[in-house]
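Here's the structure, in structure tokens; my notes come after.
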There are 2 protein chains.
Amino acid sequence: MDADHRSGCPINLTLEMLGDRWSLIVIRDVMFGDRRHFRELLTQSEEGIASNILAARLKRLVAAGLLTKEPDPSHSQKAVYSLTGPAIELVPLIAQMGAWGRRHTPVSEELSIRAQLLEEGGPKLWAGFMDELRHIHLGAPKPRRSVLAELQAAYERVVAENAAKRKRGR
Amino acid sequence: MDADHRSGCPINLTLEMLGDRWSLIVIRDVMFGDRRHFRELLTQSEEGIASNILAARLKRLVAAGLLTKEPDPSHSQKAVYSLTGPAIELVPLIAQMGAWGRRHTPVSEELSIRAQLLEEGGPKLWAGFMDELRHIHLGAPKPRRSVLAELQAAYERVVAENAAKRKRGR
DNA sequence: ACAACCGATTGCGAAACGCAACCAGTATTA
DNA sequence: TAATACTGGTTGCGTTTCGCAATCGGTTGT
């Protein structure tokens with residue numbers, strides 16, 4: 001086993017790569033929020049990541065082969081971050097993580113609707129979503145169905161419902 | 001949303017609870033290695049956790065409701081750690097994590113055979129394994145099939161095979 | 001010319017990590 | 001009964017990481 005790894009256990013090696021409080025948050029935002037630029041990830045994150053932490057995480061994730069960084073042709077300074085194949089294959093893990101969190105942590109309804117749909121959709125939906133991510137991030141052919149749009153629409157529906165509820169409640 | 005949480009997103013809340021380099025290692029060892037005592041977790045861990053880190057993690061996991069700590073009747077000083085229901089329901093997440101690690105990290109064959117069987121078995125096997133964990137840790141009725149024994153047997157078979165290979169190779 | 005925006009970097013205090021030594025109480029053994 | 005080993009930890013200490021705020025040089029749009 002490599003000297004730079006604690007063990008060859010798949011759980012351990014995955015934790016060595018993703019076992020911290022920010023890496024999967026960044027991947028989640030690229031994956032579900034389609035945030036491709038540094039500033040988008042910095043300012044539109046629910047959790048408020050600091051810029052130095054974000055820079056460090058992006059660097060590590062690129063080095064680990066989970067993200068790629070390319071110059072944006074439309075802006076000589078802009079960088080575009082994309083998911084790689086391995087990162088896209090994290091979808092089942094993230095779906096299970098969302099499902100567990102939804103059951104066992106104090107989630108907000110609005111932010112857990114995506115996790116609910118992803119759980120209810122099961123492996124078939126995940127596969128469709130992964131196809132869509134391969135289209136967006138890897139240039140694969142465009143699938144008919146857009147899971148991303150469905151998740152976003154459901155989220156907005158819940159936000160609107162809750163806004164209406166709050167209005168009635170006042 | 002609570003002031004002590006970064007956001008109500010299920011991914012984030014799960015990471016706040018388990019997003020570090022040791023918590024899931026400890027749960028893995030209790031779950032798959034049936035290590036129930038401090039010393040077992042300390043010395044029989046592949047990764048070599050430090051005793052102060054282990055003590056801190058056990059305390060946190062008990063506080064988070066993922067483990068329980070009880071005195072061992074056979075030894076007035078011994079403590080027994082058990083998985084709770086929520087921890088047992090991490091099985092699908094851990095299975096997906098093992099499956100991903102097996103594909104995308106430099107795992108050792110011996111330590112990844114369990115992940116392979118868990119992946120191939122799918123949700124039905126996971127459910128059987130969870131039933132068995134509920135028997136071991138929560139006193140639920142004993143299921144017919146022992147997934148734990150199957151995983152352990154497969155592991156030992158691979159270890160023996162590789163030992164034979166090494167012997168032939170010399 | 002100038003303001004806004006781009007992806008970061010720097011400085012700094014606080015917290016977590018990792019290692020080694022150590023501890024008191026309990027059970028086993030000679 | 002005295003020594004030994006094992007129990008679940010604790011303590012000290014140096015290193016690394018985290019988290020926050022301010023800042024930076026370069027680019028773009030007005």
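- A single hydrophobic cluster is seen to contain both A/Leu61 and A/Met31, as judged by linkage of ILVMFWY side chains at heavy-atom distances under 4.5 Å, directly or through other members.
- No path of Ile, Leu, Val, Met, Phe, Trp and Tyr side chains, each step under 4.5 Å between heavy atoms, connects B/Leu93 with A/Leu13, placing them in separate hydrophobic clusters.
- Between the C1' atom of C/dG7 and the CG atom of A/Asp72 lies a distance of 12 Å, rounded to the nearest Å.
- We find that CZ of A/Arg36 is positioned 17 Å from C1' of C/dC6, with the value rounded to whole Å.
- Both A/Ile53 and B/Lys69 sit near DNA chain D, but only B/Lys69 has its closest nucleotide nearer the 5' end.
- Residues B/His37 and B/Asn52 each lie close to DNA chain D; by heavy-atom proximity, the contact nearer the 5' end of the strand is made by B/His37.
- OP1 or OP2 of C/dA8 lies within a sub-4.0 Å distance of a side-chain N or O belonging to A/Tyr81.
- Distance A/Leu67 CG to C/dG7 P: 14 Å, rounded to the nearest Å.
- Side-chain nitrogen and oxygen atoms of B/Arg57 include at least one within less than 4.0 Å of the OP1 or OP2 phosphate oxygen of C/dC17.
- When rounded to the nearest whole Å, the span between CG of B/Asp20 and P of C/dC17 equals 6 Å.
- Atom-to-atom, CD of A/Gln44 to P of C/dC5 comes out at 13 Å; the value is rounded to the nearest Å.
- A salt bridge links B/Glu119 to B/Arg102: at least one charged side-chain nitrogen sits closer than 4.0 Å to a carboxylate oxygen.
- Atoms CZ (A/Arg60) and C1' (D/dT17) sit 10 Å apart, rounded to a whole Å.
- Here A/Arg36 does not pair with A/Asp29 in a salt bridge; the nearest charged N to carboxylate O distance is not below 4.0 Å.
- The CG atom of A/Leu42 sits 15 Å away from the P atom of D/dA22 (whole-angstrom rounding).
- For A/Lys78, no side-chain nitrogen or oxygen approaches OP1 or OP2 of D/dG26 to under 4.0 Å.
- No salt bridge links B/Arg144 with B/Asp131; every basic N to acidic carboxylate O contact stays at or beyond 4.0 Å.
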Original post:
What's the verdict on ring-ring contact (aromatic ring centres under 6.0 Å, His included) for B/Tyr155 and B/Phe32, showing C-alpha distance, side-chain angles and the deciding distance?
Top reply: CA-CA 11 Å; B/Tyr155 169 70; B/Phe32 294 91; over 10 Å; no

Considering only nitrogen or oxygen atoms on both sides, find all protein atoms under 3.5 Å from nucleotides 21-26 of chain C and state each distance.
unit_1, atom_1, unit_2, atom_2, d
C/dG25, N2, B/Gln77, OE1, 2.9
C/dG25, N3, B/Gln77, OE1, 3.2
C/dG25, N3, B/Gln77, NE2, 3.4
C/dT26, O4', B/Gln77, OE1, 3.4
C/dT26, O3', B/Ser76, OG, 3.3

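- Atoms CG (A/Leu54) and P (C/dC6) sit 13 Å apart, rounded to a whole Å.
- For the pair B/Arg28 and B/Glu47, the salt-bridge criterion is met [side-chain N within less than 4.0 Å of a carboxylate O].
- Contact annotation: B/Trp22 side-chain N/O to C/dA16 OP1/OP2 distance is not under 4.0 Å.
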